[in-house]
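The block underneath contains the structure these notes are about, expressed in structure tokens.
All heavy atoms count here, side chains included; hydrogens, waters and symmetry mates do not. Bear in mind the structure is a predicted one, so any value in this text is a computation, not a measurement. We name chains A, B, ... by the order of the sequence lines, and we start the count at 1 in each one.
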Amino acid sequence: MYLCSPLTKSNIKIRIMQLSPLEIIRRESLQKLRELGINPYPAEEFKTTATIKEILKNFESFEGKEVVLAGRMMSRRIMGKASFAELKDASGRMQIYINRDEISSDAEGTMYNTVFKKLLDMGDIIGIKGEVFKTKVGEESVNVKELTVLSKSLRPLPVVKTDADGKVHDAFSDAELRYRQRYVDLIVNDHVKETFIKRTKITNSIRDFFNKRDYLEVETPILQPIPGGAAARPFKTHHNALDMPLYLRIANELYLKRLIVGGFDAVYEFSKDFRNEGMDRTHNPEFTVMELYVAYKDYHWMMNMTEELLEKVAMDSNGTTEVKIGENMVSFKAPYPRVPILEAIKIHTGFNVAGMDEIALKEVCKKVGVAVDETMGVGKLIDELFGSKCEHHYIQPTFITDYPKEMSPLTKEHRTNPALTERFELMVNGKELANAYSELNDPIEQRERFEEQLKLTEKGDDEAMFIDQDFLRALEYGMPPTSGIGIGIDRLVMFMTNNSSIQEVLFFPQMRPEKKAIEMSEDEKAIFNILKANSPILLNDLKMQSGFSNKKWDKTIKDLTKRNLAKINNTEEGLFVELGK
RNA sequence: GACCUGGUAGCUCAGUUGGUAGAGCACCUCCCUUUUAAGGAGGUGGUCCUGGGUUCGAGCCCCAGCCCGGUCACCA
């Protein structure tokens with residue numbers, strides 16, 4: 001069965017055998033190209049000699065010279081025997097000039113009059129050979145001598161125009177269409193492409209920083225028998241050969257620590273993690289975290305490293321440490337203030353909650369208007385106070401340090417205060433960007449912490465909590481004192497590219513599936529196939545050929561006509577059935 | 001999960017108290033050899049998200065649903 005879905009929200013439901021008029025014209029053009037002996041999808045390599053960016057950057061050295069370019073035709077201005085078009089390659093856009101007498105070898109000017117003007121469309125991928133020149137009005141252009149069809153486009157692209165002032169008209173801006181058809185988004189929205197190029201610059205910058213220090217980039221399992229390292233609902237799957245459940249990782253922390261046990265001094269991984277939870281502007285079911293573990297370091301060292309890293313990332317991706325995020329100017333220039341979480345709460349609520357028990361803390365929460373419930377322990381209450389009363393104040397990068405122990409089961413106890421841990425979160429623009437610890441490496445305490453967590457979650461949590469015995473075994477062999485950090489890469493990219501939605505920094509954000517094609521039943525297919533071969537056909541003949549009973553025939557033909565796949569015409573010659581439009 | 005916007009031509013969008021569905025661009029035909037949101041003349045194109053209901057009559061009103069977005073809740 002032939003399926004096609006026009007680029008339109010109202011027709012996201014996939015139509016059967018229905019092409020839009022624009023698509024029909026393009027398919028006819030495709031056929032005519034073939035009839036002219038032009039392969040619309042040639043196999044040969046097309047060797048280019050330059051990119052558009054190079055030409056525009058060094059125009060003087062290219063002017064008057066011959067170049068070969070390939071790209072997508074984004075617009076056309078046809079003026080009789082000559083035309084201008086816009087060619088877009090991976091590096092940029094430039095104008096090309098096409099003259100009938102230059103590109104056509106025959107007297108009829110077939111290449112120009114028929115191929116270029118009639119059979120090519122906006123969106124087609126072409127190759128050109130020609131001479132670089134400047135037009136009368138000073139636009140850098142290529143005077144085309146040879147035109148090659150490299151790939152015919154069968155669907156019309158959205159038409160986006162930019163005027164002389166740089167103002168964009170009729171922008172392709174519908175978020176749903178942009179995310180579902182990111183390829184179209186990337187073709188017509190240059191700034192979208194820039195975002196993703198910047199994303200790669202950011203990850204390259206981080207890799208460069210770590211590799212220069214001889215930190216080892218590693219890969220650890222995505223399929224894990226025990227989803228550890230964080231508390232979140234995992235995606236569950238099943239391994240057939242082993243007949244056992246497996247989980248997509250929610251974090252890679254416990255595996256990286258095993259590698260530190262194994263004797264690597266510093267390992268890092270860009271980890272695609274998966275969490276089976278809600279989706280919103282800042283959460284996608286799969287997302288990227290960069291985790292780094294360095295032996296013989298503590299969280300103070302990690303803060304210094306983080307400052308240095310982010311300053312470099314800002315420079316490498318934006319060329320400056322001052323980055324505009326929403327309405328705020330944020331400076332990634334080191335150093336960043338360090339504020340203990342209890343200090344932050346004191347500053348923003350006026351209450352010193354240090355040493356308070358659960359009852360006293362709940363009292364404070366009530367006074368400052370933070371909702372509480374029975375399941376909340378000391379750690380959760382402090383976290384809640386910080387989250388709702390303090391977090392949003394930290395626009396400039398700030399390390400919030402020394403979180404309560406209860407909230408941090410993988411973190412080493414604070415060297416001077418046993419109620420706290422050696423942990424920091426880096427806040428930027430009022431949101432968490434990174435989370436780091438002096439890692440807990442006491443295997444006995446680690447086991448106890450896991451068991452405490454188990455008790456906490458038993459209170460009324462639907463998230464299954466497992467104790468990873470193998471991880472504990474590894475710790476029992478001895479892990480050096482280590483500091484680790486996780487940086488939310490999607491969030492970092494959002495900051496550096498000034499996007500407020502995670503979907504803008506993921507090529508293919510998760511979406512609900514488009515509506516399924518309406519499948520034809522076997523009976524409908526049978527009728528439809530007869531009809532396809534003979535349309536129009538006398539209704540009685542069609543019925544005879546189908547061999548269906550009266551009832552079956554009636555139902556099937558009614559379903560087909562209802563969906564416009566078939567049409568019944570009452571004429572003087574009799575009742576005819578023909579293919580629907 | 002709750003609430004709020006929205007869904008109309010290929011794209012971006014109008015659409016009055018409920019009375020024959022509109023514009024710009026794109027597309028098609030014609031003119032045009034340095035234009036640039038090219039221009040001029042003419043034309044084609046619609047499951048008004050889906051399904052019910054009210055009505056003589058629904059793009060518009062009512063009910064249910066679908067999908068995007070936003071806000072909140074949830075989320076180490």
Given [N], is OP1 or OP2 found less than 4.0 Å from the side-chain N or O atoms of [X]?
| X | N | answer |
| --- | --- | --- |
| A:Lys118 | B:C30 | yes |
| A:Lys161 | B:A38 | yes |
| A:Gln503 | B:G69 | yes |
| A:Arg26 | B:G10 | no |
| A:Arg100 | B:U33 | no |
| A:Arg77 | B:A38 | yes |
| A:Arg275 | B:C75 | no |

State which of [options] makes the closest approach to the side chain of [X].
| X | options | answer |
| --- | --- | --- |
| A:Arg180 | B:U35, B:C67, B:U29 | B:C67 |
| A:Gln453 | B:C13, B:A37, B:A76 | B:A76 |
| A:Ala164 | B:U34, B:A37, B:C68 | B:A37 |
| A:Met79 | B:G10, B:C32, B:G24 | B:C32 |
| A:Ala82 | B:U33, B:C30, B:A37 | B:U33 |
| A:Val159 | B:A37, B:G10, B:A76 | B:G10 |
| A:His169 | B:U36, B:A37, B:C67 | B:A37 |
| A:Thr135 | B:U35, B:A76, B:U33 | B:U35 |

Kindly say whether, by distance alone, the side chain of [X] makes a donor-acceptor pair under 3.5 Å with the base of [N]?
| X | N | answer |
| --- | --- | --- |
| A:Asp174 | B:G69 | no |
| A:Glu277 | B:A76 | no |
| A:Gln95 | B:U35 | yes |

One thing to verify: whether [Y] and [X] come together as a salt bridge, which I'm taking to mean a side-chain N less than 4.0 angstrom from a carboxylate O.
| X | Y | answer |
| --- | --- | --- |
| A:Arg449 | A:Glu445 | yes |
| A:Glu86 | A:Arg93 | yes |
| A:Lys53 | A:Asp89 | no |
| A:Glu269 | A:Arg249 | yes |

Give the rounded distance in Å between these two atoms: [atom1] of [X] and [atom2] of [N].
| X | N | atom1 | atom2 | result |
| --- | --- | --- | --- | --- |
| A:Phe84 | B:G39 | CZ | P | 14 Å |
| A:Glu391 | B:C75 | CD | P | 13 Å |
| A:Leu22 | B:G10 | CG | P | 7 Å |
| A:Lys145 | B:U33 | NZ | P | 19 Å |
| A:Asp280 | B:C68 | CG | P | 14 Å |
| A:Lys136 | B:U33 | NZ | P | 12 Å |
| A:Arg281 | B:C72 | CZ | C1' | 11 Å |

### Message
Counting only Watson-Crick pairs (N1-N3 plus N6-O4 or O6-N4) and G-U wobbles (N1-O2, O6-N3), all under 3.5 Å, who is the partner of B:C74?
### Response
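Per the H-bond distance test, none.
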### Pairing partner (Watson-Crick or G-U wobble, both distances under 3.5 angstrom) of B:A41
B:U29
### Message
Assuming nearest nucleotide by heavy-atom distance, tell me which of A:Gly229 and A:Ser75 is located more 5' along RNA chain B.
### Response
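The answer here is A:Ser75.
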### Query
What interatomic distance, in whole Å, is found between C1' of B:U20 and the corresponding atom of B:C13?
22 Å
### Task
Measure the shortest side-chain to side-chain distance between A:Thr482 and A:Asn441 over non-hydrogen atoms and say whether it is less than 4.5 angstrom.
no
### Query
Is the NZ or CZ atom of A:Arg76 positioned over A:Phe116's six-membered ring, under 6.0 angstrom from the centre and within 45° of the axis?
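The answer is yes; both the distance and angle limits are met.
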